[in-house]
There are 2 protein chains.
Amino acid sequence: METSPHRISAAESEVMKVLWTDSPKPAEEVLAILAKEQGWAEGTVKTLLNRLLKKGAIAADKDGRRFLYRPLIGREDYVDAESQGLLDRLFDGRLAPLVSHFSKREKLNPEDVAELRRLLEKIDDGQ
Amino acid sequence: METSPHRISAAESEVMKVLWTDSPKPAEEVLAILAKEQGWAEGTVKTLLNRLLKKGAIAADKDGRRFLYRPLIGREDYVDAESQGLLDRLFDGRLAPLVSHFSKREKLNPEDVAELRRLLEKIDDGQ
DNA sequence: ACATTTCGTTTACATGCGTAATCGATGTCT
DNA sequence: AGACATCGATTACGCATGTAAACGAAATGT
């Protein structure tokens, strides 16, 4: 583990999520979204943006008097690291045991199952 | 959700893992395993056991001069909370998008696919 | 030019966490 | 009984995190 210089915390990932959805964005817009979605105060968002900058997870490009923020690490990479981490910690690194777990806990409704089945078919076609 | 008063941290979950594998166990045995697997010192394991006690995640039953520790929360519940948390945060709470992600990242080998297929069949039989 | 607004930067602070060392009570050996 | 060993409890400490306020520089309006 310990790939990136610094890990992205839960709160920080909310900021990343905003930037992944649409960027570049000025702090003001990021704040507007997170104030609404998370109820965070301005200072909080400022801090998180700065911590992400320090961690090298985002970049800030000067645009007149303000900065425009954009992600430097890809959402896919982040999601991948998080997912793989969970699988490694809890399911021996494999996906099937996780699915099995959900099944046992009756957290799979027929639609989920159908969707998974479609996915598998598509995968088979692809190879 | 949010049953337990306090969350179990990463380090603490290693202790839980030991107790889930086999319990009850005296601190000495827990230490022996974690010293080997994680390289942790005695004090570290003692602290973690105590924090877990305070959190109500484990219990300690007096056995002569020592205590025998055993988990109070089930491994299944823990795994479930962690997994669901990840799905909620990253995949809209659903399993299929996660599988899709793994597929896109080419993290599914044919064996995984076959295993998933078997699982789905079993699930269909069951319902 | 000066007051005001607007941003980003710096500082703050309580918790939680990882990682231990030390203390203290109790049991054991001689 | 007194010294020693054991084991849990208490205290420690730096870094991360969530949450923010205060500060300072730059742009704008008047």
Side-chain angles (χ1 to χ4, degrees), chain A residues 1-19 24-70 78 82 85 89, chain B residues 2 4-19 23-70 78 81-82 85 89:
Chain A
M1 249 155 269
E2 265 336 278
T3 33
S4 319
H6 286 290
R7 173 118 231 94
I8 292 175
S9 80
E12 286 161 2
S13 79
E14 292 299 325
V15 176
M16 294 304 290
K17 207 178 286 181
V18 170
L19 293 177
K25 268 183 174 8
E28 189 195 357
E29 271 184 55
V30 177
L31 167 60
I33 293 172
L34 290 173
K36 189 171 164 189
E37 286 182 1
Q38 310 284 331
W40 286 342
E42 191 182 345
T44 302
V45 176
K46 302 268 188 78
T47 297
L48 293 174
L49 282 171
N50 266 312
R51 286 182 183 166
L52 287 168
L53 273 174
K54 284 224 176 80
K55 290 180 182 181
I58 65 178
D61 311 300
K62 185 156 278 181
D63 171 53
R65 59 162 143 280
R66 57 182 77 193
F67 280 93
L68 295 182
Y69 297 88
R70 69 186 151 85
Y78 170 75
E82 291 289 309
R89 275 185 298 118
Chain B
E2 261 339 276
S4 320
H6 289 290
R7 173 118 233 90
I8 291 175
S9 79
E12 286 161 1
S13 80
E14 291 300 324
V15 175
M16 293 305 289
K17 207 178 287 182
V18 169
L19 292 178
S23 75
K25 267 185 175 5
E28 187 196 359
E29 271 183 54
V30 178
L31 167 60
I33 293 172
L34 291 173
K36 187 172 167 187
E37 287 181 1
Q38 311 283 332
W40 286 342
E42 192 181 343
T44 302
V45 176
K46 300 272 187 76
T47 296
L48 294 173
L49 282 171
N50 267 311
R51 286 182 183 164
L52 287 168
L53 273 174
K54 285 225 176 79
K55 291 181 182 180
I58 64 177
D61 312 300
K62 185 156 276 181
D63 172 54
R65 59 164 142 277
R66 58 183 74 191
F67 281 93
L68 295 182
Y69 297 89
R70 69 188 152 87
Y78 170 75
E82 292 289 308
R89 277 185 297 121

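Numbers restart at 1 for each chain; the letters A, B, ... are given by sequence-line order, proteins then strands.
Annotation: side chain of A:L49 is not in contact with side chain of A:L53 (no heavy-atom distance under 4.5 Å). At least one side-chain heavy atom of B:I33 sits under 4.5 Å from a side-chain heavy atom of B:K25. Residues B:L52 and B:Y69 fail the side-chain proximity criterion, which asks for heavy atoms closer than 4.5 Å.
Here D:dA22 presents its P atom at 13 Å from CD of A:E42, a figure rounded to the nearest Å. The distance from atom CG of A:L31 to atom C1' of D:dA20 is 13 Å, rounded to the nearest whole Å. Atom CG in B:D63 sits roughly 14 Å away from atom C1' in D:dG8 (whole-Å rounding). Atom CG in A:L49 sits about 14 Å away from atom C1' in D:dG18, given to the nearest Å. Rounded to an integer number of Å, the gap from B:N50 CG to D:dA12 P is 16 Å. At whole-Å resolution of the value, NZ in A:K54 and P in D:dC15 are 14 Å apart. Whole-Å rounding puts the B:F67 CZ to D:dT6 P distance at 18 Å. In this structure, NZ of A:K62 is placed 12 Å from C1' of D:dA27, rounded to the nearest angstrom.
With hydrogens and angles ignored, the 3.5 Å screen pairs no side-chain donor or acceptor of A:K46 with any backbone N or O of A:A27.
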Protein-to-nucleotide contact annotation, 5' to 3' order, nucleotides 13-30 of chain C [B base; S sugar-phosphate only; - none; under 4.0 Å, heavy atom]: ----BBBB------SS--

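Ion pair A:R51/A:E12 not flagged as a salt bridge, since none of the NZ, NE, NH1 or NH2 atoms sits closer than 4.0 Å to an Asp/Glu carboxylate oxygen.
Looking at heavy-atom distances under 4.0 Å, B:A60 makes no contact with the nucleic acid at all.
A:S9 contributes atom OG, which lies 9.5 Å from atom CD of A:E14 (distance to the nearest 0.5 angstrom).
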